[in-house]
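Take a look at the structure set out below.
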There are 2 protein chains.
Amino acid sequence: MNIGQAARLSGLSAKMIRYYESIGLLKAAHRTDSGYRVYGDDDLHTLAFIKRSRDLGFSLEEVGKLLTLWQDRQRASADVKALARQHIDELNQKIRELGQLRDTLQDLVEHCHGDHRPDCPILKNLESGCCP
Amino acid sequence: MNIGQAARLSGLSAKMIRYYESIGLLKAAHRTDSGYRVYGDDDLHTLAFIKRSRDLGFSLEEVGKLLTLWQDRQRASADVKALARQHIDELNQKIRELGQLRDTLQDLVEHCHGDHRPDCPILKNLESGCCP
DNA sequence: ACTTGACCTTGCCAGCATGGCAAGGTTGAT
DNA sequence: ATCAACCTTGCCATGCTGGCAAGGTCAAGT
């Protein structure tokens, strides 16, 4: 099949597929005489794997590692687990940070009377960086 | 003071300050005869405002709006409150998404025995995209 | 055979926000 | 005079994706 159909079936865009090939995440696709990329079921499988990994928030670099592990019959599942764990830690870290930002903002918002008067504790805090 | 000191005192980098000026977030700084940018206490105040806003997760575009409101004596605090609320909503949305990703991954990790055997439910799930 | 439209190709530019490096000018102290 | 520390501008890189352009190819309808 051509790239368009591969894109539709995998949920990626044609652009992304070409990009992934260009950065070496995918091995170069077979080509027709006229230069069209051709994909088979195996390739589609790989594309779907990438799509799913991206949806789970893995970076392309991490996806690369996962692909390597996936294609390595000798892999230890511990390796994969470690990678997933690391990603979970990163997610938790990010979640904590965002939560703190939200709480700070929430505090500020609650102290703002929010009417037409110009006096605004939020801006005051942004100025001074203290006393929320 | 020069840009380096302004950077140190505000917590931004000199590079960022120049960038903010180039995109119009900051008005052009005064220059010495030799072309060095010169900052006064007012400018420093503005830089600190930006730094604090960025730390709270506002995008540069949002910081621009906040700056306008900050410098507008006629502003209604309701405007600021609305902007902060919107940002809180975005943060909550992001937190929810990341939390879902983490939970999915956590499930996968828990089903992976994580030893030297190659059989790995995480990779199996990434393949199929179903049955976590 | 010819046109049309949908598809494919490559390549370049855009964004976010920041860092890095280079080549050159300025300042201030030794 | 020299040297270090600073400043200037400019370009490139990141990660990931979208957009647009100019051109080639394919399949179907006329």
Side-chain angles (χ1 to χ4, degrees), chain A residues 1-26 28-40 43-44 47 49-67 86-87 90-91 94 97-98 101, chain B residues 1-26 28-40 43-44 46-47 49-67 86-87 90-91 93-94 97-98 101:
Chain A
M1 80 190 67
N2 286 338
I3 199 172
Q5 200 181 350
R8 272 186 297 276
L9 292 178
S10 66
L12 300 166
S13 71
K15 200 99 195 215
M16 288 153 92
I17 296 175
R18 290 192 204 101
Y19 176 65
Y20 295 163
E21 184 183 313
S22 81
I23 62 170
L25 187 62
L26 293 168
H30 294 150
R31 303 283 188 130
T32 64
D33 289 350
S34 54
Y36 282 24
R37 289 174 181 81
V38 179
Y39 298 88
D43 303 309
L44 204 54
L47 293 175
F49 182 98
I50 295 176
K51 161 79 166 137
R52 175 96 179 121
S53 304
R54 290 289 297 136
D55 283 350
L56 283 175
F58 288 97
S59 70
L60 288 184
E61 193 179 348
E62 289 170 322
V63 173
K65 291 183 197 164
L66 286 172
L67 270 176
Q86 184 193 325
H87 190 52
E90 288 163 12
L91 287 174
K94 195 78 194 165
E97 286 171 14
L98 293 181
L101 294 187
Chain B
M1 78 192 70
N2 286 338
I3 199 171
Q5 199 182 350
R8 272 185 298 276
L9 291 180
S10 66
L12 299 166
S13 70
K15 200 99 195 213
M16 287 152 92
I17 296 176
R18 290 193 204 101
Y19 175 64
Y20 296 164
E21 184 182 314
S22 81
I23 62 171
L25 188 62
L26 294 168
H30 294 150
R31 304 284 189 130
T32 65
D33 287 352
S34 55
Y36 282 24
R37 289 175 180 81
V38 179
Y39 298 88
D43 303 311
L44 204 54
T46 304
L47 292 174
F49 182 98
I50 295 177
K51 161 80 166 135
R52 175 97 178 118
S53 304
R54 291 287 300 133
D55 284 351
L56 282 175
F58 288 96
S59 70
L60 288 186
E61 194 180 346
E62 290 170 322
V63 174
K65 291 183 198 164
L66 286 172
L67 270 176
Q86 183 193 325
H87 190 52
E90 288 164 14
L91 286 174
Q93 176 67 24
K94 194 79 194 166
E97 286 172 14
L98 292 181
L101 295 187

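We name chains A, B, ... by the order of the sequence lines, and we start the count at 1 in each one. As the structure is a prediction and not an experimental result, all values here were calculated from the model.
No more than 12 heavy atoms of other residues, nucleotides or ligands shown are found within 6.0 angstrom of CD on A:E61.
A:Q5 has its CD atom 14 Å from the C1' atom of C:dC8, to the nearest Å. If you measure from atom NE2 of A:H30 to atom P of C:dC8, you get 18 Å, rounded to the nearest angstrom. Look at CD on B:E21: it is 8 Å from P on D:dT9, rounded to the nearest Å. Spacing between atom CD of A:E62 and atom P of D:dG15 amounts to 12 Å, rounded to whole angstrom units.
Of the candidates B:L44, B:I17, B:N2, B:I17 is the only one forming a side-chain contact (heavy atoms from CB on, under 4.5 Å) with B:Y39.
Across all their heavy atoms, A:D43 and A:G40 have their closest contact at OD2-N, 2.8 Å. The shortest non-hydrogen separation linking A:F49 to A:L67 is CD2-CD2, 3.6 Å. A pairwise comparison of heavy atoms in A:A14 and A:A7 identifies N-CB, 3.6 Å as the closest pair. Between B:R31 and B:V38 the shortest heavy-atom distance is C-CG2, 4.3 Å. In this structure, B:V63 and B:S53 approach most closely via the heavy-atom pair CG2-CB, 3.8 Å. Residues B:L60 and B:L25 approach most closely at O-CD1, 3.8 Å, considering heavy atoms.
For B:E90, there are no salt bridge (charged side-chain N to carboxylate O under 4.0 Å, His left out) partners at least two apart in sequence or on another chain.
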Using atom names, set out every protein N or O paired with an N or O of nucleotides 17-19 of chain C below 3.5 Å, distance rounded to 0.1 Å.
unit_1	atom_1	unit_2	atom_2	d
C:dA17	OP1	B:L60	N	3.1
C:dA17	O3'	B:R54	NH2	3.0
C:dT18	OP1	B:R54	NH2	3.3
C:dT18	OP2	B:Y20	OH	2.7
C:dG19	OP2	B:S13	OG	3.2

Atom pairs, protein N/O to nucleotides 26-30 of chain C N/O, distance under 3.5 Å:
unit_1	atom_1	unit_2	atom_2	d
C:dT26	O4'	B:Y36	OH	3.2
C:dT26	O3'	B:S34	OG	3.3
C:dT26	O2	B:Y36	OH	3.4
C:dT27	OP1	B:S34	OG	3.0

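In this structure, B:R37 reaches the D:dT8 phosphate: one of its side-chain N or O atoms is under 4.0 Å from OP1 or OP2. Contact check, A:R31 against C:dT10: a side-chain N or O comes under 4.0 Å of OP1 or OP2.
B:R18 comes within 4.0 angstrom of a base, heavy atoms only.
Residues A:I23 and B:R8 both approach DNA chain D. Their nearest nucleotides, taken by heavy-atom distance, put B:R8 toward the 5′ side.
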